[in-house]
Enquirer: 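Sending over a structure as structure tokens; questions will come in a sec.
Below, read A as the first sequence line, B as the second, and so on, with proteins coming before strands; counting in each chain starts at 1. Quick caveat, the model's predicted, so the values are computed rather than measured.
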Protein chains: 2
Amino acid sequence: MTDRTPARSELPSEARLWRPSSRSTDSARGRPPGYSRAQIAEAAIKIADAEGVEALSMRKVATALGTGAMSLYRYVKNKEALCQLMVDHMVGQAVLPERTGEWRTDLRALAVAQRMTQLAHPWLAGIAAGRPTMGPNTLRMLEHGMSILDGLGLSLAEMLEIYSLISSWVNGFVREELTEEAVRERSGLSVQEWRQNIAPYIENLMSSGDYPYFTRIVREGIDHDFDMRFERGLDRIIAGIAATLPSR
Amino acid sequence: MTDRTPARSELPSEARLWRPSSRSTDSARGRPPGYSRAQIAEAAIKIADAEGVEALSMRKVATALGTGAMSLYRYVKNKEALCQLMVDHMVGQAVLPERTGEWRTDLRALAVAQRMTQLAHPWLAGIAAGRPTMGPNTLRMLEHGMSILDGLGLSLAEMLEIYSLISSWVNGFVREELTEEAVRERSGLSVQEWRQNIAPYIENLMSSGDYPYFTRIVREGIDHDFDMRFERGLDRIIAGIAATLPSR
DNA sequence: AGCTTTCGGGTACGATGTACGCAAGCACCG
DNA sequence: CGGTGCTTGCGTACATCGTACCCGAAAGCT
């Protein structure tokens, strides 16, 4: 009859989500969990890789693990939290490139690594948008980036600014890249067929005379070589960073 | 009994979607449509603005128009197409800044305008991702950007590269910005409460010793002034473009 | 052994996107 | 003017989704 306060004060979701164990308390009492959050994240990732994010559902993840849908809710608060788990798990897989000590080289390598991860798992970018995911692995990435920029005479705030300048651009770039790729896959057609399909529409636009640059782009057959565009974009951004660096 | 081919060959979805009229054929026969695609787009946009994208549903848009859910499918193939419509309608609203003739100024203005549009309609970025949306208004934006870069001694391909460099960065930047904002709204707490809420988790990370830069960032109280970061990022990117410009 | 605490997962509900089909409205041909 | 054939309007129906609720099973602790 004593009015005991609850055994543990409620932890905010952030803290709960990233606890090393999935157990809801620290005590070892009660039935032990049958799965780990890493297992769950992996199962979800496998599904997203194979069938796309839009096919990812709690039920599918559960049956992939050989359990019922509702069991997952012992490990994550909701689907949103599952997604955060997936993101951080992914970021954790990323192999951080070795540092050479030359900041340009190292920034390049970091950007390339970030792009590669996102290309290998096209759903990543879409899922990471809209959620902050301050998981341990995401932070590890930040630490790596910051350490590259250390010693260039920048303030901490400036270092952070530059790190996020690069990250933002990589994210934006890859998004464009994936979009281009997605539209072709979604249509289920080959590139050839797809081109053929929209040809009349393009013709129509061009002959309207309202889009002279677009017309030239199409006519001169400028195609999107994303690899090259990425390198050249990186060139420009790094040049910009160098230009605004305090003189040494 | 004659094996007539269908009156009109099936148009690819792109061409159908952007036809000026919503009618499914050019003929004036049959019952005239009761709505316009612009009307539908506006209704959908109003809902997304008021309740967020996740609350956007075909049924809601329909009842906002005073009609049944399935009627919408006479105007758009599916929800995906409705979203494309919304995006292009939005882009069409954007007021393109006047050109001054100084490319740096004009590029800046374009970037600022793009950011403002996305901030005013937070759902825009999320919806535009994953779909190419080559609507008339999107192309108008492209034309504007290209015209700014014309006459700097760049090839068409280079101009396009630079245009998309800026766009990509703006997209990436705004995404980060909106994410930060969204997490606070979603939690339903004030900034103060939210900070308090994750404090123990942050403490925990910092005391682990694994994240020295993160720790300094928190301790020095570096906050994200997005307006300033945007300006400074723009500085760096434009500096980078200038640095790789052919000497004049 | 019994008590306490935790996990497992079935059932059920409300919401969503949309396939299907039929009724209603309008233009044109006879 | 009345039919004919096209078009749009939209109710019904279904599969699928996230997840609230609940209770039985399983595992320490005393």
Enquirer: When you check the side-chain N and O atoms of B/Asn171 and B/Gln114, is any donor under 3.5 Å from an acceptor?
Expert: no
Enquirer: Taking atom P of C/dT18 as reference, at what distance in whole Å does atom OH of B/Tyr75 sit?
Expert: 18 Å
Enquirer: Could you check whether B/Glu176 pairs with B/Arg229 (Lys NZ or Arg NE/NH1/NH2 to Asp/Glu carboxylate O, under 4.0 Å)?
Expert: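 Answer for the salt bridge query: yes.
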Enquirer: Anything under 30° is parallel, anything over 60° is perpendicular, the rest tilted; go ahead and classify B/Trp169 against B/Phe173.
Expert: tilted
Enquirer: Please tabulate the protein-to-nucleotide N/O contacts below 3.5 Å involving nucleotides 17-19 of chain D, giving atom names and distances.
Expert:
residue: D/dG18; atom: OP1; partner: A/Lys79; partner atom: NZ; Å: 2.7
residue: D/dG18; atom: OP2; partner: A/Met58; partner atom: N; Å: 3.0
residue: D/dG18; atom: N7; partner: A/Arg59; partner atom: NH2; Å: 2.6
residue: D/dG18; atom: O6; partner: A/Arg59; partner atom: NH2; Å: 2.7
residue: D/dT19; atom: OP2; partner: A/Tyr73; partner atom: OH; Å: 3.0
residue: D/dT19; atom: OP2; partner: A/Lys79; partner atom: N; Å: 2.9
residue: D/dT19; atom: O4; partner: A/Arg59; partner atom: NH2; Å: 3.4

Enquirer: Taking all non-hydrogen atoms of both residues, which atom of B/Ala111 and which atom of B/Val170 are closest, and how far apart?
Expert: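 Taking every non-hydrogen atom into account, CB-CG2, 3.9 Å.
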Enquirer: Which residue, A/Ile202, A/Asp210, A/Asn204, forms the side-chain contact (heavy atoms from CB on, under 4.5 Å) with A/Met206?
Expert: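 The single option meeting the side-chain contact (heavy atoms from CB on, under 4.5 Å) with A/Met206 is A/Ile202.
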Enquirer: So, are B/Asp227 and B/Arg115 salt-bridged, with charged N and O less than 4.0 Å apart?
Expert: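 Answer for the salt bridge query: yes.
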Enquirer: Would you tabulate the pairs of protein nitrogen or oxygen atoms and nucleotide nitrogen or oxygen atoms of nucleotides 22-25 of chain C closer than 3.5 angstrom?
Expert:
residue: C/dG25; atom: N2; partner: B/Arg31; partner atom: N; Å: 3.0

Enquirer: Under 3.5 Å, side chain of A/Thr63 to main-chain N/O of A/Gly66, donor-acceptor pair present?
Expert: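 Checking the backbone N and O of A/Gly66 against the side chain of A/Thr63, no donor-acceptor pair under 3.5 Å is found.
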Enquirer: Could you tell me how far apart A/Tyr35 (OH) and C/dT6 (C1') are, to the nearest whole angstrom?
Expert: 15 Å
Enquirer: Calculate the interatomic distance between B/Ile47 atom CD1 and C/dT16 atom C1'; express it in whole Å.
Expert: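 Going from CD1 in B/Ile47 over to C1' in C/dT16 covers 14 Å.
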Enquirer: Taking the side chain as everything from C-beta on, heavy atoms only, tell me whether A/Leu82 gets closer than 4.5 Å to A/Tyr75.
Expert: no
